[in-house]
Enquirer: 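Please read through the structure below; I'll follow up with questions.
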Amino acid sequence: MSSTIDKIDGIHLSNLVRQVGEKVRLVLKEECQGIGEIFTKDSSILGDLVTQTDFAIQTRLKSVLTYLLPKSEFLGEEGFQPHETMTSKPHWIVDPLDGTVNFASGLPCFGASVALIVERRAVLGVVYDHGNDKLYCGCEGVLPTCNNNAFIWDSARAARAPIAISSGYLALMRKKPQIYAPDWIGSRFRIFGSQAVQLCWVAGGLLRLNLNPEAKIWDDAAGALICECAGAGYAAYKSHPLYPLTDGSRALAGEDIFSIAGDPSLVAQCLIDFIPSKSV
């Protein structure tokens with residue numbers, strides 16, 4: 001395993017994550033005051049939307065992040081191009097507005113996700129939960145924070161918490177309930193619609209599990225690190241492990257990675273019980 005990275009281009013990660021977090025919160029607060037034009041996204045998911053705000057946030061974050069690290073590369077959800085490999089440069093992986101359908105509908109569950117990839121793994125992750133004004137920050141090897149307060153995965157809280165699923169997982173449950181709705185998972189399901197935010201809720205124990213077969217690398221890049229730092233379980237079922245990002249991986253290609261996060265024992269059970277991708 002690679003050693004923990006303390007500095008990037010002479011900047012301590014603790015200082016960098018603070019600066020990134022402040023900028024992400026500021027940009028979303030300013031840009032999310034209006035929706036702007038709404039478009040139907042060119043994707044396989046029916047009803048997938050993108051707004052002018054998505055593009056505006058991404059443009060501003062690209063400017064901010066590449067200013068902080070001038071030698072870095074930027075990969076954003078909007079206009080994402082599949083990659084076979086990564087250069088040795090630091091890479092930002094950004095979802096500028098995670099939960100666009102919620103945002104466009106006036107629902108408060110949405111946010112933004114920013115991860116810094118160095119040596120093919122995430123060393124810094126920031127997720128802003130706009131609806132709750134909560135800023136989650138994680139750095140490799142240390143406890144994550146929520147609004148500057150360190151936290152760990154709360155097993156007692158998670159034990160009584162509901163399970164978050166995506167619409168894609170709901171379809172799997174209907175199609176193959178014997179596989180994707182076993183008794184041990186439970187029955188208290190919720191669909192919130194913001195994957196990056198939900199991963200942070202998992203990290204704190206607010207959710208027992210979070211299951212999303214259509215998750216992409218930009219959804220999970222930061223949240224996976226925050227889960228790991230907090231002690232919650234995480235797996236990218238179709239691209240497991242997610243890190244290091246390997247050449248030719250589904251994650252780098254922008255394909256579905258089937259994200260599973262939550263109680264570590266339940267995540268491990270999912271990896272055993274779920275049928276491989278040919279059945280999904």
Side-chain angles (χ1 to χ4, degrees), residues 17-39 41 45 47-65 68 74 76-78 80 92-116 122 124-138 144-149 151 161-162 164-167 190-207 210 212 215-227 230 259 261:
V17 74
R18 177 182 55 78
Q19 294 179 64
V20 171
E22 289 173 352
K23 295 296 185 181
V24 169
R25 177 181 251 151
L26 176 64
V27 168
L28 260 74
K29 279 185 172 293
E30 292 180 349
E31 295 294 339
C32 290
Q33 295 182 44
I35 296 174
E37 194 169 354
I38 302 173
F39 311 94
K41 202 165 187 178
I45 301 174
D48 205 7
L49 302 177
V50 65
T51 71
Q52 285 183 323
T53 303
D54 293 71
F55 294 108
I57 293 171
Q58 180 161 303
T59 297
R60 287 187 63 181
L61 289 181
K62 180 177 181 179
S63 176
V64 165
L65 297 172
L68 289 173
F74 181 93
E77 177 187 3
E78 310 310 331
F80 181 90
W92 298 103
I93 298 183
V94 174
D95 188 341
L97 188 52
D98 183 50
T100 299
V101 172
N102 287 346
F103 169 67
S105 302
L107 298 173
C109 186
F110 62 88
S113 170
V114 174
L116 179 62
L124 174 159
V126 167
V127 175
Y128 179 51
D129 175 356
H130 185 280
N132 291 304
D133 191 24
K134 289 187 176 181
L135 182 67
Y136 293 89
C137 296
T145 63
C146 176
N147 286 352
N148 296 318
N149 296 310
F151 70 93
I165 60 173
S166 66
S167 54
R190 302 289 186 272
I191 297 179
F192 295 104
S194 181
Q195 171 71 2
V197 170
Q198 289 164 218
L199 288 176
C200 293
W201 293 352
V202 160
L206 282 73
L207 296 172
N210 187 72
N212 186 340
K216 306 292 197 298
I217 180 61
W218 51 81
D219 298 311
D220 281 31
L225 174 65
I226 291 169
C227 282
S259 175

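For clarity, every value in this text was computed on a predicted model and none was experimentally measured. Each residue takes its place number in the sequence, starting with 1.
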Enquirer: Quick one: do the D98 and S194 side chains pair a donor with an acceptor below 3.5 Å?
Expert: yes
Enquirer: Rounded at 0.5 Å granularity, tell me how far SG in C137 sits from CG in N148.
Expert: 7.0 Å
Enquirer: If we only count heavy atoms from C-beta on, is the K216 to D95 side-chain gap below 4.5 Å?
Expert: no
Enquirer: Would you mind reporting whether Y136 and N147 have side-chain heavy atoms less than 4.5 Å apart?
Expert: no
Enquirer: Just by distance, do the side chain of T100 and the backbone of L97 share a donor-acceptor pair under 3.5 Å?
Expert: yes
Enquirer: Do K134 and Y128 have side chains that get closer than 4.5 Å, going by heavy atoms?
Expert: no
Enquirer: Could you report the tightest heavy-atom contact between A122 and A221, atom names first, then the distance?
Expert: CB-O, 3.9 Å
Enquirer: Are the side chains of W201 and N132 in contact, using a 4.5 Å heavy-atom criterion?
Expert: yes
Enquirer: First locate atom CG of L68, then atom CG of L116, and finally report the distance between them rounded to the nearest 0.5 Å.
Expert: 10.0 Å
Enquirer: Set out, in order, the CA-CA distance, both residues' side-chain angles and the distance that settles side-chain contact (heavy atoms from CB on, under 4.5 Å) for R60 and K23, then state yes or no.
Expert: CA-CA 9 Å; R60 287 187 63 181; K23 295 296 185 181; over 6 Å; no
Enquirer: To the nearest 0.5 Å, what is the distance between CD1 on I191 and CD on Q198?
Expert: 9.5 Å
Enquirer: Nearest heavy-atom pair of A261 and C227: which atoms, and what distance?
Expert: CB-SG, 4.4 Å
Enquirer: Can you name the one residue among V126, V20, L28 that meets side chain to side chain contact (heavy atoms under 4.5 Å, CB included) with L135?
Expert: V126
Enquirer: Does a side chain donor of either N102 or S105 reach within less than 3.5 Å of an acceptor in the other side chain?
Expert: no
Enquirer: Just by distance, do the side chain of Q58 and the backbone of E78 share a donor-acceptor pair under 3.5 Å?
Expert: yes
Enquirer: So do I226 and V127 actually touch side chain to side chain, heavy atoms under 4.5 Å?
Expert: yes
Enquirer: Which heavy atom in V114 sits nearest to a heavy atom in V24, and how many Å separate them?
Expert: CG2-CG2, 3.8 Å
Enquirer: Which value, rounded to the nearest 0.5 Å, describes the distance between L65 atom CG and Q19 atom CD?
Expert: 11.0 Å
Enquirer: Using the side chain to side chain contact (heavy atoms under 4.5 Å, CB included) rule, pick out the option among P108, C32, C109 that qualifies with F103.
Expert: C32
Enquirer: Taking S259 as the fixed residue, which of D219, D220, N212 is the one that meets the side-chain hydrogen bond (donor to acceptor under 3.5 Å, both in side chains) rule?
Expert: D220
Enquirer: Applying the ring pair (Phe, Tyr, Trp, His ring centres under 6.0 Å) criterion to W218, which one of W92, F74, F80 satisfies it?
Expert: F80
Enquirer: Where do P96 and L61 come nearest, in terms of heavy atoms and distance?
Expert: CA-CD1, 4.5 Å
Enquirer: Distance check, rounded to the nearest 0.5 Å: H130 atom NE2 versus K29 atom NZ?
Expert: 6.0 Å
Enquirer: About how many Å separate OG1 of T145 and CZ of R18, when rounded to the nearest 0.5 Å?
Expert: 11.5 Å
Enquirer: Of all the heavy-atom pairs spanning A230 and F151, show the shortest one and how long it is.
Expert: CB-CE1, 4.0 Å
